[in-house]
Undergrad: 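Below are the structure tokens for one structure; questions will follow.
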Protein chains: 2
Amino acid sequence: MAIKPTETAATRNRSHTEQVILDAAKAVLAEEGFSKFGVNAIARRAGCDKQLIYRYYGGIDGLVDAIGLDLADLFQELLAQPEGTRFETYPALIEQLLLSLVSAFRASDLLLRIAAWEVFDPSPVTARLAAARARALGQWVETRRGNLASPVGIDVGATNAALIAAVQHLALSAKAVGGFAGVALETDADWERIRAVLRTLVRASYAAAPIPQDCTAP
Amino acid sequence: MAIKPTETAATRNRSHTEQVILDAAKAVLAEEGFSKFGVNAIARRAGCDKQLIYRYYGGIDGLVDAIGLDLADLFQELLAQPEGTRFETYPALIEQLLLSLVSAFRASDLLLRIAAWEVFDPSPVTARLAAARARALGQWVETRRGNLASPVGIDVGATNAALIAAVQHLALSAKAVGGFAGVALETDADWERIRAVLRTLVRASYAAAPIPQDCTAP
DNA sequence: AACTTTTTTCACCAGTCGGTGACAAAAGTG
DNA sequence: CACTTTTGTCACCGACTGGTGAAAAAAGTT
């Protein structure tokens, strides 16, 4: 019956309380949305006084920064499935990125809400989240790009932006109303339609573009 | 010096006040966003007491319905540029729809905010707006579709949904932070990149699909 | 003129928000 | 033990929100 100083003690442990608050903040953002994201709601959810949010995180801004730090890890975890796989061509890399993004947004409400927040209610707070997200995404691409050359004769940046925007918006609308433009987006089968379309779009759009060095015909 | 009973009298004219309130509501939604959309903000903007919103519109819900009624007109007006033009092929129709949507979302903050509202904060109120919008959009397609046959061997619904989602999200992000995924979306030149990508995407994705009746080779 | 109806404003309610100062309780320290 | 620091709670503030009852002000009616 030795005293068991469990690291995650339930009484008067600052670091533990900090974690509880951080988890509560994530939960509020993921489940209630950013319009409900405030000190009162977070403290209520964490089961502690809102004063602690100010004391430990300096207010909402510091709390958002703490979420941003976890964001990179979350991203890596969600997009990490084929870890060591290398890709033959650049469009194959983009194709996998889009499909992974579909999975990631479907799996994580938090990620989705953050993406929505940046777009719908921009602020200095969300700008830092956006930066963290962009960093994580760029890192994902770089680590598995190898030395693949970008296609020429095609606006790669705009194309990727459009396709990622499509994925993001479909995921948002799916979460909100279960579909978009008359297309249901709830079951895996529903989303398989989108995955097929994404494959078609990325292959078709990159098909016309010559790829330097290695041009494997289909 | 005859008494000029101007239709839009400035004093004690109910229908005039109703219009002022409606315009104020649209302005608040377009400029401040749906998070600020409430009786207090609207009344403040309209320069009258909020009580009149309840008396004349029965509250926020009735006011939103009134906006919805104007929405169809707004849509028709924004997307009406090539009025009588007919299209040779179905993808050409979709292509024009996407390009028109880009123009419409760039031109009307109100339309954009409503689209965002539906996705972010779904409610019975926004559902009616979504229905009005969907009706107007479907009407646009029907009136200029003629008897064009849909391509086979391609998921038309999912493809169109993805492309429309891309346009909508790019427009939203552009309004919010001036770009998306590292691509600036402010000037006409910026958007011309997106238009080009959309043209490529729709043509490429529909190219593989056989079109019944008339299959004009590029 | 007096009266009724419509249009508009005002005052107030309860609830929530972000934020702060003061205090209680536990824990460490001598 | 007494003392200090840390951890947590409570009460309160001003500002804003959605919503309502009642009175005032103008317009119409006879």
Side-chain angles (χ1 to χ4, degrees), chain A residues 2-25 27-29 31-67 117 121 123-126, chain B residues 2-25 27-29 31-67 117 121 123-126:
Chain A
I3 300 106
K4 203 171 167 190
T6 314
E7 194 58 37
T8 64
T11 56
R12 300 253 167 188
N13 181 330
R14 168 162 179 168
S15 63
H16 175 251
T17 303
E18 285 178 348
Q19 190 60 47
V20 168
I21 292 175
L22 184 57
D23 289 343
V28 169
L29 185 53
E31 297 172 23
E32 317 282 340
F34 57 85
S35 61
K36 308 285 185 184
F37 188 76
V39 280
N40 290 305
I42 295 170
R44 207 179 304 128
R45 178 126 191 173
C48 68
D49 198 274
K50 59 183 172 182
Q51 175 79 18
L52 299 183
I53 296 176
Y54 292 100
R55 239 210 280 289
Y56 295 157
Y57 290 96
I60 289 292
D61 291 21
L63 196 46
V64 170
D65 281 341
I67 293 179
W117 194 5
D121 192 40
S123 65
V125 175
T126 63
Chain B
I3 300 106
K4 203 173 170 189
T6 314
E7 192 59 36
T8 64
T11 57
R12 301 254 165 186
N13 181 330
R14 169 164 180 167
S15 62
H16 174 253
T17 303
E18 285 177 347
Q19 190 60 46
V20 168
I21 292 175
L22 184 58
D23 289 343
V28 168
L29 185 53
E31 297 171 24
E32 317 282 339
F34 53 86
S35 59
K36 308 285 184 182
F37 188 76
V39 281
N40 289 307
I42 295 170
R44 207 178 303 129
R45 178 127 193 173
C48 69
D49 197 274
K50 59 181 171 182
Q51 176 81 15
L52 299 182
I53 296 176
Y54 292 101
R55 221 196 279 294
Y56 294 157
Y57 289 97
I60 290 291
D61 291 21
L63 195 46
V64 171
D65 281 342
I67 294 179
W117 194 6
D121 192 39
S123 65
V125 174
T126 62

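Quick note on labels: first sequence line is chain A, next is B, and so on, each numbered from 1.
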Undergrad: Using whole Å, report how far CG of Leu52(B) lies from P of dG19(D).
TA: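 That distance rounds to 15 Å.
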
Undergrad: Tell me: NE2 of His16(B) to P of dT6(C), nearest whole Å?
TA: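 The distance from NE2 of His16(B) to P of dT6(C) comes to 21 Å, rounded to the nearest Å.
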
Undergrad: Please report, rounded to the nearest Å, how far the C1' atom of dG19(D) is from the CG atom of Asn40(B).
TA: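 So the CG-C1' distance, Asn40(B) to dG19(D), works out to 9 Å.
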
Undergrad: When you get a sec, tell me which of dG18(C), dT8(C), dT7(D) is the closest nucleotide to the side chain of Tyr56(A)?
TA: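 The answer is dT7(D).
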
Undergrad: Both Arg44(A) and Asp49(A) contact DNA chain C. Which one's nearest nucleotide lies toward the 5' end?
TA: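 Nearest nucleotide further toward 5': that of Arg44(A).
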
Undergrad: Whole-Å distance between dT17(D) P and Ile42(B) CD1?
TA: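 One finds 11 Å between P of dT17(D) and CD1 of Ile42(B), rounded.
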
Undergrad: Which of the following nucleotides, dT20(C), dG21(D), dC17(C), is nearest to the side chain of Gln51(A)?
TA: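 For Gln51(A), the side-chain atoms sit closest to dT20(C).
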
Undergrad: Given dA25(D), dG8(D), dG18(C), which nucleotide is nearest the side-chain atoms of Thr17(A)?
TA: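 Ranking dA25(D), dG8(D), dG18(C) by closest atom to the Thr17(A) side chain puts dG8(D) first.
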
Undergrad: Ignoring hydrogens and angles, does a donor from either the side chain of Arg12(B) or the base of dT6(C) sit under 3.5 Å from an acceptor on the other?
TA: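 There is none.
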
Undergrad: Could you give the CD1-to-C1' distance, from Ile21(A) to dG8(D), as a whole number of Å?
TA: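 Roughly 10 Å, once rounded to whole Å.
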
Undergrad: Grab the OH-P distance between Tyr54(A) and dA22(C) for me, whole Å please.
TA: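 So the two atoms are 17 Å apart, to the nearest Å.
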
Undergrad: I need the minimum non-hydrogen distance between Phe37(A) and Ile67(A), along with the two atoms involved.
TA: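 It is CZ-CD1, 4.2 Å.
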
Undergrad: Could you pull out the closest heavy-atom pair between Thr126(B) and Asp121(B), with the gap in Å?
TA: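 That closest heavy-atom pairing would be CG2-O, 3.6 Å.
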
Undergrad: Can you confirm whether Arg45(A) sits close enough to Lys36(A) that some side-chain heavy atom of one is under 4.5 Å from a side-chain heavy atom of the other?
TA: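 Side-chain contact under 4.5 Å: no.
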
Undergrad: For the pair made of NZ in Lys50(B) and P in dC13(C), what is the distance, rounded to whole Å?
TA: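 For the pair Lys50(B) NZ and dC13(C) P, the rounded distance is 14 Å.
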
Undergrad: Taking CZ from Phe37(B) and P from dC16(D), how many angstroms apart are they, rounded to a whole number?
TA: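 So the two atoms are 20 Å apart, to the nearest Å.
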
Undergrad: If I compare all heavy atoms of Glu18(B) with all of Tyr57(B), which pair ends up nearest, and what's the gap?
TA: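 Shortest heavy-atom separation between Glu18(B) and Tyr57(B) comes out as O-OH, 2.8 Å.
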
